[in-house]
Amino acid sequence: MALLIKGGEIVTGSSRYVADIWCEGETITQIGSDLTPPDGAEVIDARGKFIFPGFIDPHTHIYLPFMGTFAKDNYTTGTQAAIVGGTTTIFDMCIPSRAEEPLAGFHTWQAQAEGRACCDYSFHMGVTKFDENSEAQLREIVAAGVQSFKVFLAYKGAFGIEDPELWNALALARDLGVITTAHCENETLVAELQKKLVAEGKTGPEWHHDSRPPRIEAEGVHHLTTFAEAVGAPVYIVHLSCAEALEEAIRARLRGVRVRVETLIQYLVLDKSYAELPDFEGAKYVMSPPLRDRSNQDVLWNALRQGIVDTVGTDHAPFDFLSQKPMGRDDFTKIPNGIPSLEDRIALLYTHGVVTERLDLQTFVNIASTNAAKIFNLFPRKGTIQPGSDADLVVFDPDFSGTLSVKTQTSAVDYNAFEGWPIRGRAEVVTLRGEVAARDGRFVGTPGRGQFLRRPTP
Ligand code: URP
Ligand code: ZN
Ligand code: ZN
């Protein structure tokens with residue numbers, strides 16, 4: 001494979017300039033002006049377009065057994081949706097049940113992905129229990145290249161871990177030099193509030209928010225960071241949704257705790273009124289932590305601009321509106337949690353972040369690609385454009401205008417949470433390790449070419 005991308009404006013997390021990019025095999029080999037392609041090379045005219053490094057989603061659930069069902073995408077549909085939207089690498093959550101051993105879970109997720117994945121992928125290894133068998137298995141999984149853990153302080157009785165297990169997981173992570181990602185909500189408080197609301201007859205999706213209010217998320221962040229501080233381990237807070245939780249993260253940072261923060265595109269552009277839509281429509285917008293009051297959006301945008309929040313992910317967890325969300329029609333606690341957005345993250349972030357001038361282009365690239373590559377040990381193979389990096393490139397048309405819709409999406413789920421929303425700009429051509437994998441919103445790559453990314457020890 002030989003590919004020349006001519007005349008585009010290259011935008012990385014730290015630079016912006018017009019040049020040609022020459023890729024041989026899977027790698028960027030040269031960047032310069034007026035590069036001449038040899039016979040047979042594929043040439044893409046990128047004049048008037050931005051060239052971004054392939055985007056990285058630090059938090060997805062492609063294979064997800066959860067709340068009595070399975071998320072709708074598989075590694076074919078989910079990763080094709082990623083590529084079409086400009087995301088060339090995902091970090092999928094590998095989450096064995098508490099009844100399963102970590103290695104068995106890891107093998108299950110690998111088997112789901114291998115031969116199906118159409119973008120590159122890594123896992124965050126879920127530590128859903130910590131007993132006498134856990135340490136040896138987790139060491140083996142880390143040695144296989146999975147350099148991050150995932151813990152849940154929520155979902156009592158399912159994935160959630162007890163405090164002694166949290167201590168042990170963080171201590172092992174510290175010893176192995178890996179970072180622990182964490183879902184932060186106080187599971188006891190959530191369970192008690194859920195019981196109270198349902199007993200009061202408050203069973204619709206609009207009550208989901210009140211069962212997990214901002215203070216309960218903030219308590220989770222406080223809890224995690226207190227443990228991280230005591231153990232001396234770095235942590236990464238996933239899907240932070242609100243000002244109260246962010247303040248706890250900042251307080252911890254000021255105490256010297258190594259804390260990274262992820263928010264989601266959903267929290268930046270949706271608010272809790274969506275989960276209050278009538279006729280059960282609100283169920284499309286039930287996720288945890290819940291969509292928040294609109295006032296939190298400015299806080300999160302400001303925090304992204306100022307480098308206080310590090311990444312924007314999706315927590316892509318697709319459940320059909322017609323056949324799966326109704327599992328909780330009479331009881332919001334049983335609605336499968338998740339708002340799919342893997343395919344639309346970049347278009348939404350560009351439209352609502354860059355076009356509105358909340359974000360400059362460098363910040364956009366950093367929060368959607370480079371920072372995740374750095375935090376999770378893939379940089380500079382991923383997350384930038386330079387000789388030696390993987391040829392994962394997004395030729396982005398800033399002048400494109402379109403509309404998001406379930407009718408045109410690649411993801412297998414039966415709705416689009418942003419139905420009819422206008423977008424500006426889109427990933428026109430997407431390359432994965434030198435091969436054109438998407439063009440004009442359609443997957444054109446080689447199915448199953450996505451690679452497991454064995455991450456080096458930090
Ligand atoms: O609602 C959510 N976030 N669903 C996916 C599971 C999780 O908590 O990340
Ligand atoms: Zn979560
Ligand atoms: Zn998640």
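Read the numbers this way: they start at 1 and go in the same order the structure lists the ligands and their atoms. Predicted model, so just to flag it, every value in this text is computed and none were measured.
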For Gly338, take its heavy atoms, then give the atoms of ligand 1 lying under 4.0 Å from any of them. 1 (O)
Whether His61 has an N, O or S atom under 2.8 Å from the Zn ion (ligand 3): yes
Should Lys382 and Asp120 count as an ion pair when the cut-off is N to O under 4.0 Å? yes
May I ask you to decide whether Lys129 forms a salt bridge with Glu101, counting only side-chain N to carboxylate O separations under 4.0 Å? yes
Is any N or O atom of Tyr155, backbone or side chain, closer than 3.5 Å to an N or O atom of ligand 1? yes
Heavy atom of the protein closest to atom 4 (N) of ligand 1 (residue, atom name, distance): Asn337 O, 3.1 Å
Presence of salt bridge, Arg215 and Glu248, under 4.0 angstrom: yes
Taking just the N, O or S atoms of His183, which one is nearest to the Zn ion (ligand 2)? ND1
How many degrees, to 10°, between Asp315 OD1 and His59 NE2 as seen from the Zn ion (ligand 3)? 90°
Quick check: does His239 put an N/O/S atom under 2.8 Å from the Zn ion (ligand 3)? no
Under 4.0 Å from any heavy atom of His239, which atoms of ligand 1 are there? 8 (O), 9 (O)
Below 4.0 Å from ligand 1: does a non-hydrogen atom of Met93 turn up there or not? no
Less than 6.0 angstrom separating the ring centers of Tyr350 and Phe364, yes or no? yes
Phe159 and His183 aromatic centres sub-6.0 Å: no
Which residue and non-hydrogen atom of the protein lie closest to atom 1 (O) of ligand 1, and at what distance in Å? Ser288 N, 2.8 Å
Quick one, Val309 and Leu246 - any side-chain contact, counting heavy atoms below 4.5 Å? yes
Taking atom 3 (N) of ligand 1 as the reference point, the nearest protein heavy atom with its distance: Asp315 OD2, 2.5 Å
Taking the basic N atoms (NZ, or NE/NH1/NH2) and the acidic carboxylate oxygens, is any pair closer than 4.0 Å for Lys196 and Glu200? yes
With distance as the sole criterion, is a donor-acceptor pair present between the side chains of Asn377 and Gln147 under 3.5 Å? no
